[in-house]
2 protein chains.
Amino acid sequence: MPARLKDIAAELDLSVTTVSRALAGYSDVSPQTRARVLATAKAMGYVPDATARRLQKQRANVIGFIVPTFGPRFSDPFFSELLAGIGNEAARRSYDVLISTVAPGPAETDTYRRFIMSRSVDGMIVVRTRSDDARIALMLENEFPFVSFGRSANYSDFPWVDTDGMAGIRAAVDHLVSLGHRNIGYLRGPQELMFSVLRWQAFVRAMAENNLEINPEWIFHGDLSQGGGRTAANQLLDLSNRPSALLVGNDLMAMGAMTAVQQRNLVVGQDLSIIGFDDIGPAEHTHPPLTTIRQPIYYIATQVTSMLIQLLEDETLQQPQQLLTPELVLRGSTGPAPAIPDLT
Amino acid sequence: MPARLKDIAAELDLSVTTVSRALAGYSDVSPQTRARVLATAKAMGYVPDATARRLQKQRANVIGFIVPTFGPRFSDPFFSELLAGIGNEAARRSYDVLISTVAPGPAETDTYRRFIMSRSVDGMIVVRTRSDDARIALMLENEFPFVSFGRSANYSDFPWVDTDGMAGIRAAVDHLVSLGHRNIGYLRGPQELMFSVLRWQAFVRAMAENNLEINPEWIFHGDLSQGGGRTAANQLLDLSNRPSALLVGNDLMAMGAMTAVQQRNLVVGQDLSIIGFDDIGPAEHTHPPLTTIRQPIYYIATQVTSMLIQLLEDETLQQPQQLLTPELVLRGSTGPAPAIPDLT
DNA sequence: CTTGACATCCAAAACGTTTTGGGCTAGAAT
DNA sequence: ATTCTAGCCCAAAACGTTTTGGATGTCAAG
């Protein structure tokens with residue numbers, strides 16, 4: 001049984017009130033008394049009961065994070081990095097993080113509702129925003145504090161941090177063009193994810209700006225997983241006329257695509273140039289290392305967490321919406337386009 | 001403001017007690033009243049205040065999980081899979097998961113102490129156990145419920161689930177031997193991690209059983225990361241007399257080692273056979289796919305969580321210590337040993 | 001008519017903390 | 001001698017729920 005306030009009070013023949021106020025450092029406790037309280041509290045290993053304190057303060061000092069797990073087994077380095085950022089920043093500011101995992105859908109909204117209405121958490125962090133995002137709708141309508149990693153199509157007035165996919169994709173396309181590529185394919189992520197559609201739109205625009213046509217045969221869809229990337233790349237490689245470069249919606253799929261290429265004894269960066277998006281940890285350790293559009297996941301995670309805590313502590317955000325410019329990281333998975341047979 | 005019990009009571013002109021008992025399904029409230037209560041509770045979107053309930057019940061329905069993050073940025077698929085398992089199983093049994101991230105060390109023990117003494121969680125899940133594990137010592141001495149993924153050298157009487165590293169390593173060595181390898185190196189993980197020393201001991205024994213000598217030049221150390229694996233493999237490749245096969249303490253390092261081999265234009269599975277340990281998601285997507293010793297991380301995570309919840313609900317564990325036999329998954333990173341120059 | 005038995009409801013206590021609104025004493029000022 | 005002020009302390013209320021231990025009313029059995 002951990003020691004409680006009343007145990008300390010009994011030990012020192014003081015009231016619970018005085019012990020509480022001594023520990024909180026109020027000035028209406030004599031220095032001697034305070035010293036005695038501090039000493040025995042330490043000796044008894046006293047740690048306040050978090051639940052009781054929460055009930056009284058009407059504040060949990062906990063932020064919620066619901067991981068949208070796609071499928072039961074999922075291992076996405078994106079999320080470990082995210083979690084490390086959220087966890088470290090929260091710990092630094094003495095907040096705890098309450099987690100649940102649930103697949104997108106109605107059950108997900110229920111979990112959000114439960115977190116909010118049961119007052120288990122003071123605020124939420126949202127990731128992988130959707131174009132029409134029920135989670136954001138729910139929280140806006142309940143005026144519940146949250147910050148998201150990513151924007152949404154249907155709502156605009158809420159705090160978020162995001163990467164400028166447009167700029168990133170444009171840099172990638174420009175880079176491919178400068179390498180001589182004109183036949184560029186694109187591997188899209190799920191349509192309902194906001195970042196997926198933004199990146200796709202960026203691709204369409206960047207191609208147009210370079211006066212390149214988009215060949216519908218070279219557009220593929222994947223589920224953001226390595227397996228999905230591999231499947232899509234195999235479809236591409238089965239084509240009789242292939243593109244010379246493939247832009248991929250995220251790194252994990254790009255890595256899967258690389259595997260598919262190599263399994264046919266083709267060379268990534270030569271027979272097919274591949275560019276990913278994210279720069280997750282493993283990206284620099286593939287062979288060849290993956291050229292990718294880097295978004296600072298860990299930094300964004302700390303940033304989002306920090307913003308949420310600021311909101312909770314009634315500070316106003318000087319910049320509630322932050323659009324970060326990503327950086328194209330040139331590595332080995334891209335190379336010059338193969339010479340085109342001269343048709344003249 | 002979410003609706004509270006007293007709001008429902010006021011609405012229906014009932015006492016808070018009756019409303020509470022109606023919702024809890026006690027038989028001393030009339031069916032009509034109960035129906036009315038249920039209806040308005042639903043209409044008002046009532047969700048019980050978790051904090052108040054916890055205080056009264058002296059039970060949080062929360063399990064704690066402290067992620068031992070090594071370094072600020074870390075992305076280990078091992079942990080995402082672990083988290084998915086813990087999260088999904090906890091959600092299934094209506095428990096929440098409270099998370100913190102902290103690097104191993106004294107601050108880590110403080111975090112455990114805080115979780116325990118503040119009664120924020122009912123029990124803890126421990127992973128990456130150490131030979132002499134301060135976390136386990138702390139919880140045993142406070143009789144705090146926990147279940148761990150992994151054993152410990154200094155304590156034996158606590159509930160855990162673990163993979164039989166011994167059996168796994170032996171299978172791997174036997175497999176290499178059957179392929180003709182006699183010169184086998186080993187890349188160890190950190191010495192303080194229990195699974196690391198168990199696997200190393202297993203290697204020593206398995207080599208002896210096959211009458212093979214261990215060449216100290218072929219023993220390396222790494223930090224379980226891809227970068228660590230790459231560095232170690234580079235040391236190996238710099239050697240004038242190299243082993244023909246390398247057994248690696250975990251998949252992430254094995255993947256790093258593969259990259260190092262490929263960067264020298266050598267072929268994994270031919271010039272150097274590599275075997276990992278874990279079978280994390282990406283392992284089957286490398287090129288060549290990684291031969292590895294599979295431990296079912298997701299399953300173990302659900303199992304550990306389930307056991308903890310059983311403990312918390314006063315059920316006795318029929319099998320408090322589970323040693324799972326891993327499976328050697330043969331893929332492309334291993335191949336026959338190169339022919340040895342005949343010295344006779 | 002009384003007594004039980006049953007059905008239905010509720011006031012009050014409890015969980016452990018913080019906050020509110022004083023109370024008491026000693027010494028200084030009037 | 002009285003009032004005021006500081007300094008120190010504490011009882012009680014409050015947070016929202018569940019549990020405890022009745023209270024009240026009705027109806028059937030005696």
Side-chain angles (χ1 to χ4, degrees), chain A residues 1-38 40-41 44-62 94 96 114-122, chain B residues 1-38 40-41 44-62 94 96 114-122:
Chain A
M1 270 314 112
R4 303 292 79 189
L5 274 189
K6 68 158 166 260
D7 302 321
I8 302 180
E11 180 77 16
L12 296 177
D13 214 19
L14 287 171
S15 75
V16 167
T17 305
T18 302
V19 174
S20 171
R21 295 183 73 83
L23 290 171
Y26 280 87
S27 63
D28 63 356
V29 175
S30 80
Q32 300 91 303
T33 312
R34 155 124 58 131
R36 287 202 305 148
V37 170
L38 256 44
T40 51
M44 298 174 77
Y46 172 72
V47 179
D49 182 299
T51 306
R53 174 176 278 182
R54 287 204 247 271
L55 182 60
Q56 150 68 27
K57 294 227 160 187
Q58 289 297 80
R59 175 143 229 307
N61 268 52
V62 172
S94 4
D96 288 327
R114 193 170 57 77
F115 268 37
I116 294 172
M117 301 310 252
S118 72
R119 294 165 155 176
S120 296
V121 302
D122 301 319
Chain B
M1 268 317 109
R4 303 293 77 190
L5 274 188
K6 68 159 167 263
D7 302 322
I8 303 180
E11 179 77 20
L12 296 176
D13 213 19
L14 285 171
S15 75
V16 166
T17 305
T18 302
V19 174
S20 170
R21 295 183 74 82
L23 290 171
Y26 281 86
S27 63
D28 63 354
V29 30
S30 79
Q32 302 90 303
T33 311
R34 157 125 58 135
R36 288 202 305 146
V37 169
L38 256 42
T40 51
M44 299 174 76
Y46 173 73
V47 179
D49 181 298
T51 306
R53 173 178 279 181
R54 287 205 246 271
L55 183 60
Q56 150 68 28
K57 294 226 160 186
Q58 289 296 80
R59 178 142 225 309
N61 268 52
V62 172
S94 5
D96 287 327
R114 192 171 58 77
F115 267 38
I116 295 172
M117 300 310 252
S118 72
R119 294 165 153 174
S120 295
V121 301
D122 301 319

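Non-hydrogen atoms lying under 4.0 Å from DNA chain D are contributed by B:R4, B:L5, B:K6, all within residues 2-9 of chain B. Within residues 47-58 of chain A, the residues that place at least one heavy atom under 4.0 Å from DNA chain D are, in residue-number order, A:L55, A:Q56, A:Q58.
Rounded to whole Å, the distance from CZ on A:R59 to P on D:dG16 is 15 Å. In this structure, B:L14 places its CG atom 18 Å from P of D:dT24, rounding to the nearest Å. If you measure from atom OH of B:Y26 to atom P of C:dA7, you get 17 Å, rounded to the nearest angstrom. In this entry the distance linking CG of B:N61 with P of D:dT18 reads 12 Å, nearest Å. Here the P atom of nucleotide D:dC9 and the CG atom of A:L12 are 11 Å apart, to the nearest Å.
Look at A:Y46 and you won't find any side-chain N or O under 4.0 angstrom from OP1 or OP2 of C:dG16. Between A:T18 and D:dC9, a side-chain N or O to OP1/OP2 separation shorter than 4.0 Å is absent. Between B:S15 and the phosphate of C:dC9, there is no side-chain N or O to OP1/OP2 separation shorter than 4.0 Å.
Taking each heavy atom of B:R59 and B:N61 in turn, the nearest pair found is NH1-OD1, 3.0 Å. In this structure, B:A3 and B:M44 approach most closely via the heavy-atom pair CB-O, 3.7 Å.
Between B:S30 and B:R119, the residue whose closest nucleotide on DNA chain C is further toward the 5' end is B:S30.
Donor-acceptor pairing under 3.5 Å is recorded for the side chains of A:T18 and A:S15. Between B:S30 and B:T33, the side chains place a donor N or O and an acceptor N or O closer than 3.5 Å (distance only, hydrogens not considered).
Using a 4.0 Å cut-off between a side-chain N of Lys or Arg and a carboxylate O of Asp or Glu, B:R114 and A:D96 qualify as a salt bridge.
The CZ atom of A:R21 sits 4.0 Å away from atom CG of A:D28, with the distance rounded to the nearest 0.5 Å. Atom CG of residue B:L14 and atom OG of residue B:S20 lie 12.0 Å apart, to the nearest 0.5 angstrom.
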For B:D49 and B:L5, run side-chain contact (heavy atoms from CB on, under 4.5 Å): C-alpha distance rounded to whole Å, both residues' side-chain angles, the deciding distance at 0.1 Å, then the answer. CA-CA 9 Å; B:D49 181 298; B:L5 274 188; over 6 Å; no
One pair to check against side-chain contact (heavy atoms from CB on, under 4.5 Å): B:Y46 and B:D7. What are the steps and the verdict? CA-CA 9 Å; B:Y46 173 73; B:D7 302 322; over 6 Å; no
Take A:L38 and A:R34, measure what side-chain contact (heavy atoms from CB on, under 4.5 Å) needs, and give me the verdict at the end. CA-CA 6 Å; A:L38 256 44; A:R34 155 124 58 131; 4.2 Å; yes
With side-chain contact (heavy atoms from CB on, under 4.5 Å) as the criterion, how do B:R54 and A:L55 come out once you've worked through the C-alpha distance, each side chain's angles and the decisive distance to 0.1 Å? CA-CA 10 Å; B:R54 287 205 246 271; A:L55 182 60; over 6 Å; no
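A:T51 is linked by a side chain to side chain donor-acceptor pair (under 3.5 Å) to nothing, counting only residues two or more places apart in sequence or in another chain. When the side chain to side chain contact (heavy atoms under 4.5 Å, CB included) test is applied to B:K6, the partners found at least two apart in sequence or on another chain are B:V16.
Under the 4.5 Å side-chain criterion, counting only non-hydrogen atoms from C-beta, B:R4 is in contact with A:R119.
The overall bend of the helix from C:dC1-D:dG30 to C:dT30-D:dA1, read as the angle between its terminal helix axes built from five base pairs each, is 80° when rounded to 10 degrees.
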Give me, pair by pair, the N or O atoms of the protein and of nucleotides 20-22 of chain D that are less than 3.5 Å apart, along with how far apart they are.
none

